[in-house]
Amino acid sequence: MTTDSPAAAQRVEPGDEGLAERRSKLARLRRDGVDPYPVGVRVSDSLAAVAERFAGRLQAGEDSGERVRVAGRLVLRRGHGRLAFLVLREADAELQVMAQSHVLGDDGMARVADLDVGDWVAAAGPVVRTRRGELSVSATEVTLLGKALRPLPDKWHGLRDVETRYRQRHVDLAVNAEARRVFTVRAAVIRALRAELDARGYLEVETPLLHPIPGGALARPFVTHHNALDLDLYLRIAKELYLKRLVAGGLPRVYEIGRVFRNEGLSTRHNPEFTMLESYQAYADYTDVMELTQALVQRAAREATGATTVTVDGADVELGGTWTRRPLLELVRTATGRDELGYDADPRLLRDVAASHGVKAEDGWGAGKLVLELYEKLVEHTLREPTFVTDYPVEVSPLARRHRSDPHVTERFELIVGGRELANAFSELTDPDEQRERFEAQARARAGGDTEAMPVDADYLRAMEFGMPPMGGLGIGVDRLVMLLAGVPSIRDVILFPTLRPEPGA
RNA sequence: GGGUCGCUAGCUCAACUGGCCAGAGCAUCCGGCUCUUAACCGGACGGUUCAGGGUUCGAGUCCCUGGCGACCCA
């Protein structure tokens with residue numbers, strides 16, 4: 001808590017010279033006994049409620065006689081001497097306030113004239129339509145609720161500079177309707193995912209963010225330290241291993257929507273912290289999960305956008321209907337034109353084909369990893385319509401159950417839409433002995449320098465040894481789903497405060 | 001990590017192949033106006049051109065180093 005002294009009112013920080021005018025207004029208000037940051041001012045209606053209630057009502061020049069008290073940010077002011085029009089905004093609702101000196105008096109009018117665009121303002125008075133037909137509050141009282149010391153961006157052009165939009169989201173949201181739209185879509189998507197899972201009898205749970213052993217995905221973790229236990233802990237890279245413990249504990253359907261953290265680079269599609277939905281269902285396999293995934297995405301699309309068609313890179317993509325399923329190996333064979341490719345094929349053949357497509361194979365890579373790399377290089381970005389790519393190699397799927405009819409691959413799929421991965425799912429591996437072998441293979445890769453490979457998690461293995469039902473698990477990248485449904489190209493557009501380098505000198 | 005592009009007033013943008021005092025609109029301030037809709041009219045204020053170094057008679061512009069960001073690639 002700081003109390004502004006007269007000295008503070010006079011203080012002008014370097015680079016803040018433009019604030020001097022507003023600071024002197026602030027000082028003047030305080031001198032006149034006006035609290036520029038008051039508390040306890042109630043409103044009778046939101047701006048949206050007034051606009052809705054009077055839509056289509058009142059003739060031009062008519063007074064409803066109904067008094068309201070409304071509030072919002074002052075975004076526009078038009079002065080006419082002894083008359084002034086103010087426009088208040090709250091979210092996407094705007095309402096005009098008419099201030100007249102014969103109502104407010106000279107003092108009241110002078111205080112209205114002292115308001116700046118950006119100030120938070122309350123106005124009380126009857127709802128009227130002006131002679132020109134604009135719904136307005138004819139103010140008998142105007143109250144400053146919060147003085148703005150910094151000016152808002154240009155009223156017409158808004159804020160364009162993307163860096164400032166991300167760094168100062170409060171300004172972006174205040175002036176850019178598009179930013180508000182995207183985050184409204186985001187909320188609708190998450191609401192729809194929850195509603196569908198709740199309706200299907202899934203229990204929403206919360207599992208730890210701090211993990212003693214990072215697991216559940218192939219990724220580098222953030223490390224932190226607990227002082228009292230003198231213990232290194234890791235921010236979770238996935239929720240998988242805890243959620244599966246819950247199914248083992250007898251909760252047949254669970255899900256969690258929450259942040260996960262991966263210590264990786266930044267890009268249009270990657271933010272170090274992002275939101276993932278994970279769900280697990282006992283007695284289900286990956287084909288059941290396909291049905292669930294399709295239902296979740298389609299419901300989110302309908303409820304967030306009112307349609308099942310989205311636009312990706314300028315082309316329409318239809319999310320409705322039943323989605324295609326294609327095995328990974330088949331896609332790679334088609335893309336390379338090499339039907340002899342397979343997980344049993346001569347490893348030199350795969351390495352040659354990989355090299356001929358510009359995939360630089362590393363030493364420890366087996367057939368499965370090579371096929372996956374070829375798929376990511378040649379195929380993934382070409383899959384525009386929703387596609388379940390199925391049957392990923394065992395080598396790159398340490399937590400997925402081996403396929404019931406092909407030992408080289410797992411019962412796993414990824415959902416690709418618009419060339420981008422949206423979901424990853426499998427029939428879960430529930431055999432503790434095989435899981436131990438998989439972990440050990442991962443540990444060898446880790447020893448060989450693969451920093452994303454999983455460490456052995458003995459506690460998880462012990463949990464498995466108590467017995468697990470067969471289950472199907474799903475992970476959906478919520479940010480990417482929002483990007484798709486909101487039609488924006490960068491993950492930073494769907495995360496309110498994306499990770500950025502600190503500003504120099506900040 | 002590599003490449004390309006960008007950074008000019010609070011905001012949105014100008015400024016020719018290096019050449020007059022770096023301009024405009026909005027915002028702000030002063031004056032006018034009781035029905036505006038980005039109100040309008042008159043006037044004023046506003047700059048470390050991202051930072052530092054270099055080339056030049058002269059740098060927003062060319063060169064080097066660094067910062068931050070966007071896009072593409074790995």
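Note on naming: letters A, B, ... go to the chains in the order of the sequence lines (proteins, then strands), and numbering restarts at 1 for each one.
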J.: Rounded to whole angstroms, how far apart are OH on Y166(A) and C1' on C71(B)?
T.: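 Taking OH of Y166(A) and C1' of C71(B), I get 11 Å after rounding.
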J.: G58(B) pairs with which nucleotide, Watson-Crick or G-U wobble, both distances below 3.5 Å?
T.: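 Looking at the geometry, G58(B) pairs with no nucleotide.
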J.: Using whole Å, report how far CD of E21(A) lies from P of U28(B).
T.: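 Those two atoms, CD and P, are 10 Å apart.
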J.: Taking only N/O atoms, report every protein-nucleotides 2-6 of chain B pair under 3.5 Å with atom names and distance.
T.:
none

J.: Would you kindly give the NZ-to-P distance between K360(A) and C73(B), to the nearest whole Å?
T.: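 From K360(A) NZ to C73(B) P: 14 Å.
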J.: Students often mix this up, so state it plainly: with edges at 30° and 60°, are the rings of H408(A) and Y343(A) parallel, tilted or perpendicular?
T.: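 Taking Y343(A) first and then H408(A), their aromatic rings lie parallel (interplane angle under 30°).
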J.: What does the B/S/- profile of nucleotides 38-45 of chain B look like, 5' to 3', with a 4.0 Å heavy-atom cutoff to protein?
T.: BB------
J.: On RNA chain B, does the nearest nucleotide to V117(A) precede the nearest nucleotide to E134(A) from the 5' side, or the other way round? Give the residue.
T.: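 It is V117(A) whose nearest nucleotide is closer to the 5' end.
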J.: Please classify the nucleic acid contact of R160(A) as base, sugar-phosphate, or nothing, using heavy-atom distances under 4.0 Å.
T.: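 It contacts sugar-phosphate atoms only.
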J.: Please determine, for C11(B), whether a Watson-Crick or G-U wobble partner exists with both distances under 3.5 Å, and give it or none.
T.: G25(B)
J.: Students often get this wrong, so: under 4.0 angstrom with heavy atoms, is T268(A) touching a base, only sugar-phosphate, or nothing?
T.: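 The residue T268(A) makes sugar-phosphate contact but no base contact.
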J.: May I have the distance from K377(A) (atom NZ) to A74(B) (atom C1'), rounded to whole angstrom?
T.: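 Atom NZ in K377(A) sits about 8 Å away from atom C1' in A74(B).
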J.: Write down the partner of G1(B) under the Watson-Crick or G-U wobble criteria, each distance required to be under 3.5 Å.
T.: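 Paired with C73(B).
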J.: Could you identify the nucleotide paired to G42(B), looking across every strand shown and requiring Watson-Crick or G-U wobble geometry with both distances under 3.5 Å?
T.: C30(B)
J.: Please list residues of residues 58-75 of chain A whose heavy atoms come under 4.0 Å from any atom in RNA chain B, ordered by number; otherwise none.
T.: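 Correct list: empty, so none.
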J.: Would you kindly give the CG-to-P distance between L159(A) and A27(B), to the nearest whole Å?
T.: 17 Å
J.: Do NZ/NE/NH1/NH2 and the carboxylate oxygens of E21(A) and K25(A) come within less than 4.0 Å?
T.: no
J.: Look at R333(A) together with E330(A) and state whether they make a salt bridge at an N to O cut-off of under 4.0 Å.
T.: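 E330(A) and R333(A): not salt-bridged.
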J.: How many whole angstroms separate atom CG of D106(A) from atom P of U34(B)?
T.: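 After rounding, the gap between these two atoms is 12 Å.
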